[in-house]
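Inspection log for the structure reproduced underneath, given as structure tokens.
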Amino acid sequence: MYSVRVSRRFVAQHFLTVPDAGPENELHSHRFEVDVEVAGPELNEHDYLVDIDDLAGRIDELVDEYADATLNDRPRFEGYNPSVERFARVFCDRLLEGIETEGIETASVTMWEDESAAASYETVVGE
């Protein structure tokens, strides 16, 4: 199995919407790091799993959208608690909507909200 990984750092804000989350119920910032990994069994005719520049470009588009934004205000978080787990899922789903997925079997996003806490979401592509 081949895999390609790209990471980016950015700052975004949110507030948790669950009861009794203490200070997390107030608007606050995180220095997020997103780590994206796609994997598949075969390389294409160019000996790529994916074009890493295309993958990085799509990640940059999403980072530009979320950087300095309040997650609670973004449409994909409407009706959801904007937890780091939810953010990993939203980022992964949006990523896959904007890249060529031929040859990719799995995609995962790990979203770090600080240097010691992260959540991941992994999906089988095409299911």
Side-chain angles (χ1 to χ4, degrees):
M1 187 73 80
Y2 296 95
S3 65
V4 173
R5 181 175 299 214
V6 176
S7 297
R8 294 290 189 267
R9 291 187 178 112
F10 61 101
V11 174
Q13 297 77 39
H14 73 158
F15 57 91
L16 299 184
T17 58
V18 296
D20 302 320
E24 295 289 318
N25 287 129
E26 302 297 323
L27 182 65
H28 61 280
S29 297
H30 287 285
R31 293 179 187 267
F32 288 103
E33 180 172 353
V34 62
D35 185 38
V36 172
E37 182 176 13
V38 295
E42 302 291 331
L43 301 180
N44 66 20
E45 67 276 7
H46 305 292
D47 285 327
Y48 294 159
L49 174 64
V50 296
D51 184 317
I52 200 164
D53 290 332
D54 291 345
L55 179 63
R58 178 62 180 150
I59 292 166
D60 289 341
E61 289 172 5
L62 292 172
V63 165
D64 287 347
E65 180 179 331
Y66 291 115
D68 299 318
T70 300
L71 300 181
N72 305 66
D73 295 340
R74 309 313 276 174
R76 297 281 177 116
F77 291 93
E78 188 174 329
Y80 294 102
N81 183 39
S83 64
V84 69
E85 295 92 339
R86 173 63 55 188
F87 196 11
R89 168 82 186 256
V90 165
F91 201 98
C92 189
D93 289 348
R94 302 247 1 256
L95 174 80
L96 292 173
E97 292 169 1
I99 63 168
E100 173 57 53
T101 59
E102 185 176 340
I104 299 173
E105 284 191 357
T106 62
S108 67
V109 169
T110 300
M111 188 68 66
W112 292 85
E113 67 176 15
D114 61 33
E115 52 282 336
S116 62
S120 296
Y121 176 76
E122 183 175 344
T123 189
V124 176
V125 176
E127 287 192 357

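This structure is a prediction, so every number in the text was calculated from the model and none was measured.
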(request) Could you tell me whether the side chains of Asp114 and Ser116 share a donor-acceptor contact shorter than 3.5 Å? (result) yes
State plainly whether one hydrophobic cluster holds both [X] and [Y], where clusters connect Ile, Leu, Val, Met, Phe, Trp and Tyr through side-chain heavy atoms under 4.5 angstrom apart.
| X | Y | value |
| --- | --- | --- |
| Ile52 | Val34 | yes |
| Phe10 | Val6 | yes |
| Met111 | Phe15 | no |
| Phe91 | Trp112 | no |
| Tyr2 | Val4 | yes |

(request) Step by step, work out the side-chain contact (heavy atoms from CB on, under 4.5 Å) result for Tyr121 and Thr123. (result) CA-CA 7 Å; Tyr121 176 76; Thr123 189; 3.8 Å; yes
(request) Mind running side-chain contact (heavy atoms from CB on, under 4.5 Å) on Val90 and Tyr80 for me, showing each step along the way? (result) CA-CA 11 Å; Val90 165; Tyr80 294 102; over 6 Å; no
Salt bridge between [X] and [Y], side-chain N to carboxylate O under 4.0 Å?
| X | Y | result |
| --- | --- | --- |
| Arg31 | Glu113 | no |
| Glu97 | Arg76 | yes |
| Asp54 | Arg58 | no |

When you compare the side chain of [Y] with that of [X], does any pair of heavy atoms fall below 4.5 Å?
| X | Y | result |
| --- | --- | --- |
| Ile104 | Ile99 | yes |
| Glu37 | Glu122 | no |
| Arg94 | Glu65 | yes |
| Val36 | Thr110 | no |
| Arg8 | Asp60 | yes |
| Val38 | Thr106 | no |

Could you tell me whether the side chain of [X] and the main chain of [Y] form a donor-acceptor pair under 3.5 Å?
| X | Y | result |
| --- | --- | --- |
| His28 | His14 | yes |
| Asn81 | Thr17 | yes |
| Asn25 | Val18 | yes |
| Thr70 | Asp73 | no |

(message) Would you compute the distance between atom CG of Asp35 and atom OG of Ser120 and round it to the nearest 0.5 angstrom?
(response) 8.0 Å
(message) Quick check for you: to the nearest 0.5 Å, what is the distance between Ser29 atom OG and Asp68 atom CG?
(response) 8.0 Å
(request) Measure from the ring center of Tyr66 to the ring center of Phe87 and say whether it is less than 6.0 Å. (result)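 Yes, the ring of Tyr66 comes within the 6.0 Å limit of the ring of Phe87, centre to centre.
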(request) Please report the closest heavy-atom contact between Met1 and Pro41, naming both atoms and the distance. (result)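 Answer, listing the atom of Met1 first, then Pro41: SD-N, 3.6 Å.
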(request) Would you name the heavy atoms of Ala119 and Val84 that are closest together and state the gap between them? (result)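 For Ala119 and Val84, the tightest heavy-atom pair comes out as CB-CG1, 3.6 Å.
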(message) Please determine whether the number of non-hydrogen atoms from other residues, nucleotides or ligands lying under 6.0 Å from atom CZ of Phe77 exceeds 12.
(response) yes
(request) Step by step, work out the side-chain contact (heavy atoms from CB on, under 4.5 Å) result for Leu96 and Thr101. (result) CA-CA 7 Å; Leu96 292 173; Thr101 59; 4.0 Å; yes
